[in-house]
Amino acid sequence: MSIQEIEKRWQKRWFEERIFEAEPGDKEKFFITVPYPYLNGNLHVGHTRTFVIGDVLARYHRMIGYNVLFPMAFHVTGTPLVGLSELIRNRDERTIKVYNELHKIPKDILFDLNTPEKLVNYFKGESEIALSDMGCSIDWRRKFTTMDPPYKKFIRWQFGKLKSKGLIARGSHPVRWCPNCKNPVEDHDLLRGEGANIIDYTLIKFSLDGYILPCATLRPETVFGVTNLWVNPGVTYLIAKIGEEEWVIGERAFEKLSHTDKHPEKIGEIEGRELIGRYARNSMNEEEVIVLPATFVDPNEGSGIVMSVPAHAPYDYLALRDLKDGRGDYDLPKEISDLILKIEPIKLIDLPRYGNFPALTVIDELKVKDQMDPKAEKATKIVYKREFHDGILNEVTGRYEGYKVSEVKEIIAKEMLKEGKADIFHELSEPVTCRCGTECVVKLVEDQWFLTYSKKEWKDKVLDCLSSMKIIPAEYRKEFENKVDWLKDKACARRRGLGTRLPWDKDWLIESLADSTIYMAYYILSKYIHEGRIKEEELDDQFFDYVLLGIGEQKNDLHKEIRDEFEYWYPVDLRSSGKDLVPNHLLFFLFHHVAIFPRRYWPRAIAVNGFVSLEGEKMSKSKGPLFTMREAIDEYGADVTRFYILGNSEHIQDADWRSSRVKDAKRALERFYVLAEDIIQRSKGSRENQKDLSKQDRWILHRIQMRIKEVREAMENIQTRRALQNAFYLILNDIKWYRKRGENPKVLLDVLDLWVRLLTPFIPHICEEIWSRMNGGPQNFVSLARYPEVDEGKIDYSIEIEEDLLRDTIEDIREILAVTKIEPKKIVIYTVPEWKREIYETALKLKVKGALDMGSLMRTVIKDHANTRQISSFAKKMVRKVGLMGQDEVKILANSPVDEFETMKKVEDFISEEFGCKVSVFDAEFSKYDPKNKSDAAMPLRPAIYVG
RNA sequence: GCGGGGGUUGCCGAGAUUGGCCAAAGGCGCAGGACUUAAGAUCCUGUUUCAUAGGAAUACGGGGGUUCGAAUCCCCUCCCCCGCACCA
């Protein structure tokens with residue numbers, strides 16, 4: 001029978017026996033969820049990681065005695081599915097190729113997936129099958145999609161709640177926008193400019209003869225040092241009516257502003273050169289500054305007009321110097337030229353070690369020639385950075401004197417904004433081109449609905465929640481806290497896509513991340529809906545209020561039952577997720593929980609895991625490479641896939657799917673299966689009585705206890721790799737050694753019994769198969785068996801130390817043989833003499849008490865010995881040796897006395913076999929044969945060795 | 001730029017919170033051996049260098065420091081990965 005057939009068989013039995021369908025009960029509950037997948041493709045091995053981690057945790061908790069709820073649903077809201085169905089309908093070549101070749105959808109089926117609904121249906125089916133085939137112990141009665149009508153009612157209720165709590169507000173916000181497509185653009189919609197940010201410039205208004213000359217700047221604080229304005233004399237500027245004001249701006253700036261709430265109206269034109277020589281008023285200090293020509297002014301950037309701060313801006317300094325030097329063909333009247341010569345930079349920022357005018361200092365350092373020199377750009381960056389971090393405003397800035405630039409910059413901008421002296425101008429940090437080829441702009445979306453995540457009270461509540469939560473791995477706690485701090489208000493409504501309409505404004509659809517924040521609660525309701533016990537019509541706000549919040553009166557017994565079930569399962573005990581969801585979904589998950597639910601229903605823990613790459617390459621749903629869950633199962637089997645992914649990496653590290661390694665994993669599991677079968681067969685034929693435990697028997701039982709301890713500890717920390725290392729490889733190695741030393745088939749069967757249960761959460765199918773063979777048929781499921789617990793009675797460190805003594809001695813002999821290249825004819829082993837043993841043990845006991853030193857050791861030891869010299873020399877060594885040991889080790893050694901001679905005497909034959917020669921063991925004190933006086937070298941746990 | 005995570009012996013990857021059980025777990029690869037007609041699988045052994053007695057030297061991105069002792073602590077430095085939003 002193939003692996004896949006075995007797996008199928010057990011999946012079928014699990015399903016038929018409904019063993020993963022969770023109902024409230026007396027047992028303590030454990031509610032674990034992982035994010036539902038977004039259905040715009042087939043599940044791949046990347047998803048597998050998150051799901052399988054979830055499943056392993058679900059199975060583990062089930063086996064340690066919890067009543068576990070592990071549900072699953074599907075996310076479909078938003079624009080991607082709509083877009084995808086359109087592309088398929090239009091037979092878009094690339095899309096067809098991607099979905100046929102990467103997602104492995106047969107073309108005849110694919111061509112038919114031409115509506116979002118059909119896509120949802122298809123992927124929903126495929127995903128459920130894939131997850132079941134992966135052995136996930138999901139309660140499928142609770143599945144749903146986010147476009148199911150009852151779910152939409154739940155979402156509407158949630159948003160009603162948020163609104164009534166004042167957490168939703170209306171406002172406007174800037175987005176990257178394609179004027180041609182008339183849509184916000186996302187990174188994957190772009191030809192270039194993926195990394196572009198929206199930068200908020202301060203637009204400072206200078207007034208000139210009734211016009212406003214706005215200057216865009218990132219350095220509003222330098223407004224106090226303005227000596228003049230720059231315009232490009234060769235450019236035609238527009239005059240735009242904005243509100244009551246008339247602005248002079250570049251053509252491109254006009255267009256940019258037209259996408260904002262400024263709604264500019266063109267009322268005229270003016271040539272740049274007409275502005276030259278005229279005076280504009282700086283409203284911050286009421287100074288009049290002259291307008292001058294400069295060629296570096298780019299009419300496409302900012303407003304097309306630049307304020308000049310030569311002391312702190314290299315371009316300005318250079319342009320001014322160029323003018324003074326008479327460079328540039330501007331034809332300026334003499335009186336203006338004379339004025340220019342009189343313009344002196346105004347220093348407003350003190351910057352140590354950068355002289356009077358930092359701009360000049362850096363210009364000289366970099367040897368920038370003039371305003372057209374490319375190095376001017378670099379100089380600008382240097383000055384900006386240095387002044388931002390270390391600059392302090394001086395008396396020129398009036399009441400801002402003494403503040404650091406970094407701390408006062410925002411404040412100045414805000415104040416100017418408030419006083420109407422400035423505006424905000426959004427600009428992209430780099431050029432952005434849409435896929436359609438159009439240059440993108442920043443659009444201010446108006447009348448948008450926002451979730452007001454920036455509210456301090458809301459954030460505080462989240463931080464409060466976070467502080468009582470378990471975050472795994474612990475390093476991520478800081479990341480979460482930072483992200484809470486960083487989160488701003490978030491637009492929560494969209495025009496396009498699948499989704500739920502805002503209850504109070506039907507023009508808007510609820511954004512698809514916002515509809516996926518507290519859906520874990522819905523799993524409890526969805527069972528009743530799925531079973532047809534409750535109808536969609538019943539799902540009104542009163543219903544949700546009652547079952548989810550306990551508000552109002554119960555309408556009937558069923559509602560009470562649902563409420564009880566909710567109270568039983570909630571809160572979520574663990575949400576396990578990929579690390580990509582930390583700054584969005586997981587954050588919103590917390591925000592919405594604290595907003596909607598009382599404290600006792602706040603989530604208890606979040607675990608974060610890394611991704612899966614493919615042969616070292618990042619996977620991509622849309623570009624490849626991609627390896628689907630289906631393919632993994634068909635090619636390697638579910639257990640192999642699980643085993644590989646869980647064992648490949650820990651926590652937030654990324655796992656790498658390498659087919660050669662996966663094949664190794666497959667071999668390892670086959671080995672396990674064969675070994676288990678062998679153990680079962682042998683135990684049947686064995687007449688050995690299991691009561692007489694040999695040393696080796698006790699050793700393997702002891703070792704298993706150690707492994708159980710490790711595995712349980714690892715699982716508590718969600719360290720699947722560590723758990724598997726112990727539960728699989730290390731136990732395997734122990735068993736190998738045990739068999740080599742002489743096995744008791746009955747004991748081995750007991751070990752197997754523990755071993756199989758230990759591995760069940762990870763590789764459930766193969767374990768069920770072995771389990772059923774051990775128990776003479778499938779009467780019970782190992783999936784429901786008790787997870788092994790540490791049996792303190794079987795822990796015996798002495799045995800372990802004895803076995804290590806043997807192993808270490810063998811190793812030493814090997815080393816000697818390797819160095820001397822002797823073909824051994826005989827090996828003699830001299831175990832430590834009593835008197836050394838005594839000193840050693842005394843040293844251990846003293847160390848436990850924390851009183852180990854030469855004096856105390858000698859005092860304790862010396863009284864009944866004659867040869868003080870020999871004793872003190874050895875005692876000195878022991879003080880050193882034991883002194884360096886850790887407290888844990890010392891305690892174990894002190895409490896686990898070992899009779900070395902007895903121990904070694906018993907393994908004479910074993911060692912003899914190992915080296916193919918005669919082996920004798922003597923007590924060093926009473927050795928009858930010692931040709932090279934080796935016995936003197938015998939030390940505690942390190943016998944002397946003679947090889948001849 | 002800001003924030004987070006990393007750089008370990010051929011590769012993957014433990015170890016780092018609590019400095020010494022660390023030449024550094026485990027796996028893979030490679031080499032030798034056993035088994036076998038052979039191959040594969042399996043099992044055993046080895047896998048930095050030097051060493052005719054279980055030892056020593058050199059090693060954990062680079063440099064410096066603390067310490068009797070550092071992969072682990074501190075400082076400086078180089079390099080890599082991820083996120084920075086209205087998108088799932």
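Here is how names work: the chains are called A, B, and so on, in the same order as the sequence lines, proteins then strands, and each is numbered from 1.
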* Asked: Contact class for A/S516 vs. all strands (heavy atom < 4.0 Å): base, sugar-phosphate, or nothing?
  ->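 Touches nothing.
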* Asked: What nucleic acid atoms does A/L487 come within less than 4.0 Å of, heavy atoms only: base, sugar-phosphate, or nothing?
  ->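 Contact class for A/L487: base.
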* For B/U8 and B/A51, measure between their C1' atoms and round to the nearest Å. => 27 Å
At under 4.0 Å, does any side-chain N or O of [X] touch on OP1 or OP2 of [N]?
| X | N | value |
| --- | --- | --- |
| A/R494 | B/C87 | yes |
| A/N733 | B/G27 | yes |
| A/K490 | B/C86 | no |
| A/R807 | B/C44 | no |

* Using whole Å, report how far CD of A/Q653 lies from P of B/C82. => 15 Å
* Taking the six-membered ring of A/F589, is the NZ or CZ of A/R575 close enough (under 6.0 Å from the centre) and on axis enough (within 45°)? -> yes
Extract from the structure each pairing of a protein N or O with an N or O of nucleotides 38-42 of chain B at less than 3.5 Å, listing the distance.
| from | atom 1 | to | atom 2 | distance (Å) |
| --- | --- | --- | --- | --- |
| B/U42 | OP1 | A/R671 | NE | 3.1 |
| B/U42 | OP1 | A/R671 | NH2 | 3.3 |

* When the ring planes of A/F480 and A/Y476 are compared, do they come out parallel, tilted or perpendicular, using 30° and 60° as the limits? -> perpendicular
* Can you check whether A/L218's main-chain N or O pairs, donor with acceptor, with A/K409's side chain at less than 3.5 Å? -> yes
* Structure fact -> Exactly one of A/D812, A/D808, A/T831 clears side-chain hydrogen bond (donor to acceptor under 3.5 Å, both in side chains) with A/R942, and that residue is A/D812
